[in-house]
Each structure stands twice: as structure tokens, then as C-alpha cells.
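None of the values given here were measured: they were computed from a predicted structure. Per chain, numbering begins at 1; letters A, B, ... match sequence-line order.
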2 protein chains.
Amino acid sequence: MSKSKNKELLELIEKLGFDIEERLRLSPLASRIYALLILSSYDGVTFEEVKETIKASKSSISVNINVLIQLGYITFITKPGDRKRYFKIAKYSSILSLEIYLQSIDNEMKIVNRINKFNQEYHPEKYINEKSLGNIFQNYLEQKEQLVKETILKMSNFRKLDK
Amino acid sequence: MSKSKNKELLELIEKLGFDIEERLRLSPLASRIYALLILSSYDGVTFEEVKETIKASKSSISVNINVLIQLGYITFITKPGDRKRYFKIAKYSSILSLEIYLQSIDNEMKIVNRINKFNQEYHPEKYINEKSLGNIFQNYLEQKEQLVKETILKMSNFRKLDK
DNA sequence: AGATTAGTTCGTTTAATTACGAACTAAGTG
DNA sequence: CACTTAGTTCGTAATTAAACGAACTAATCT
């Protein structure tokens, strides 16, 4: 691996890893591993290569790779006559992330509804004053939900073609 | 405060608090305080009331209220001849949250661009295969950015009228 | 001025995550 | 059948975040 590629790779793993940590609530190590696989080829990356690049202990790598597999973010392939596993991002990983996001939007919509009901009942003055603002926000959530649903659909359709 | 109101309030503080914790990355206590103020009247809530409702120590309440003030999520009013402060959500708190969210979308777009450049250069096969999927995602981010920007604008316009 | 109220500051404790290392298993190799 | 390879398991250590309590300040009240 060229020196400049490696430097760029490590820097991107930090940046992207942190982002994944925040967005998907994975441990720092799991996030870095996931980031590495996003930045790696289709051929997959071996356990040893992950360990070398991320510079963490065998046990931590093992645990975190298995978490990522369990959650469906990554998979691995094996090659005949080769005991190693070659890790790579799961085919549907981007759809998976969006589906999780969709759930969180639905959850937020439910909570916002309960807040509105509560304030309507117990703080009617506030509720009236905030009504328009609340409507704007509710509208925003609905449009966002719609956008995410459409994107999931588009991605699923694309995946079907790709075989 | 009626028994059923209080029960509902406490339950909503838990639910909403957890949501705020995740979305705004505030400490559990700060999130609960913020949740309480979202569910309280315009008149504001005293330090003591916060303490009673949230059931945490004076010092923790103090620290976390000040964090929320610093970040701009809450403010307080004072009443003549009354040393107490009455805490309430800041007028622009919902816009503020959206602005922070907008920044995180912009950040994600930058990272996605760098990932694409990296994979294009070092894993061309993967890049070509993922291109359409990448376009769908990039499109999604752009639309989401647009939606958030519009919502901020709508809210700001509404706020101007309200005086 | 002494006492009370409202809130702050700071050093410590608690609790939870995260990662580690050493010992282990299971499969393949010479 | 001993040996290496690939990865796992489990008890432990390190780090970090979060909350606490006691002592303090600054304003007001009597």
C-alpha cells in the first residue's frame, strides 16, 4: 500500500469512524472497523489486515467484528482452501442504516404528538402560541419521513437489478 | 399539580429526555431538564421546581441548567422583587436544533465526497459498481439539506411575526 | 448585623464503556 | 500427532462521563 494512500486512509477512518460512532451509536472500535471496510475493496479485508490498520488487540477486533456482523452492517466471504475470512460491508448496509433512521423518525413523531396533546391540555396558552411552529415542525418530520422511505425504495430497486 | 398530570409529565420527561439525549448529545440530566421545560408553561419553572420534579442534587441541576443556557436551548426570566429565576425554553431553541442538524448534514456530505474520491482512486471497480447507489444517497442528502434549510426559514419567518 | 434564600464551585464517588491480555478451541499442515 | 494458524472467550484494567455533597458566595430580609 502506497504511503499516501495509507495516510489518507487512516485520516478518513478517523473522520468517518467518528461520524459512524455518532450516527449509528457503535463503539469507537466498531466504528473504525466499519469505516475501514467502507474504504476497502470488494475483495474484503482479513482479520489480520484489520488488526494492522486499526492497531487494536486481537480480542477487541474479534468482539467488534462480530458485533458488526450481528447487526448486519458487515459480512465476510471465504475462499476455497483458505481458512481466513474476508470481511466487507454487507450488501444492504446503507439500506439498513436508513431503516434504522426511519424508525427513529417515527418515534420522534409519536413523541411530538404526545407533547402537543400534553401542552394543549395543561398549557393551552403556550400551545396556541406555538401551534404554527409546531405545524411547521410536524410538516418537516412528515416530509423527512417521506424522503427516507423513497430513498430506501430507490436503493432496494437498484439492488434488485444488481445481481 | 394533579396526580395524573404529574404521572404523565414524568413519563414524558423520560421518553422525551432520552430522545433529546440521543439527538442533541446532552447529558441525561440536561436532557431531562430540557424536556421538563418543553413540557412547561411560558411562565417558567423555578430552580426548586426543577429539582423537585427531576429529583437530582442541587449541584447537578445547577451545572446542567447552565450548560443548557450556554448552548442556547433555554433562558430564564426574573420577576421584580423576586430573586428566583424562572427557566423556560429559549425562543429560538427549535431553530437552533435544526441549525445544528444542518451542520451535521453538511459535514456528512463532505465526508461522503471524500469517500467517493478515495474509492474512485483506489477501488475503481467498487466505485463503478456503487456509483448509482452513491448517487441515490448523495441525492438524498441534498434533498434533506434543502428540507432543513426551508424549515429553518419558515420558522424564522414565523418568529418575526410573533412579537 | 445576623439569618435566610438562591444558586455556584470543587473535589470525590459511582457507574458504565471500552479495550486488553492470556488462555483456549477448532481446523488445517507437515 | 505435534504445530501452526485463525479467531474466541473471559476476567481484568483503564478511561470517561455523570452525578453527588459539602463548603462557599452573593443578594435579600428582618
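When each of B:E125, B:E130, B:K126 is checked for a side-chain hydrogen bond (donor to acceptor under 3.5 Å, both in side chains) with A:Y42, only B:E130 meets the rule.
The residue among B:E48 and A:K55 whose nearest nucleotide of DNA chain C lies closer to the 5′ end is B:E48.
In this structure, A:K84 atom NZ and C:dT29 atom P are separated by 11 Å, rounded to whole Å. Atoms CD1 (B:I61) and C1' (D:dG21) sit 14 Å apart, rounded to a whole Å. Whole-Å rounding puts the B:E21 CD to D:dA19 C1' distance at 13 Å. Atom CZ of B:R32 is separated from atom P of D:dA17 by 18 Å (rounded to the nearest Å). Rounded to a whole Å, the CD atom of B:E52 is 14 Å from the C1' atom of C:dA6. In this structure, NZ of A:K51 is placed 14 Å from P of D:dT8, rounded to the nearest angstrom. Between the P atom of C:dT9 and the NZ atom of B:K58 lies a distance of 13 Å, rounded to the nearest Å. Whole-Å rounding puts the A:N64 CG to D:dT8 P distance at 12 Å.
For B:S59, whose side chain is taken as the heavy atoms from C-beta onward, the closest listed nucleotide among C:dT9, D:dA18, C:dA19 is C:dT9. The side chain of B:R83 approaches D:dT28 more closely than any other nucleotide in the set D:dA19, D:dT28, C:dC20. Ranking C:dC20, D:dA19, C:dT8 by closeness to the B:S27 side chain, first place goes to D:dA19. Nearest to the side chain of B:R85, among C:dG21, C:dT8, D:dA18, sits C:dT8. When distances run from any side-chain atom of A:S62 to the nucleotides D:dG21, C:dT18, D:dT8, the shortest one goes to D:dT8.
B:L29 comes within contact range of the sugar-phosphate backbone alone, with a heavy-atom separation under 4.0 Å but no base atom that close.
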Steps toward side-chain contact (heavy atoms from CB on, under 4.5 Å) verdict (A:Y140, A:Q138): CA-CA 5 Å; A:Y140 155 73; A:Q138 229 146 0; over 6 Å; no
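Between B:F76 and B:F87, the two ring planes are perpendicular [angle over 60°; tilted spans 30° to 60°].
Defined by atom type and a distance below 3.5 Å, a donor-acceptor pair is present between the side-chain atoms of B:S57 and B:S60.
Taking only side-chain nitrogens and oxygens, B:S60 never comes nearer than 4.0 Å to OP1 or OP2 of D:dA19. For A:N66 and D:dT8, the shortest distance from a side-chain N or O to OP1 or OP2 is below 4.0 Å.
Judged by the 6.0 Å distance and 45° axis criteria, B:K79 is positioned over the aromatic ring of B:Y86.
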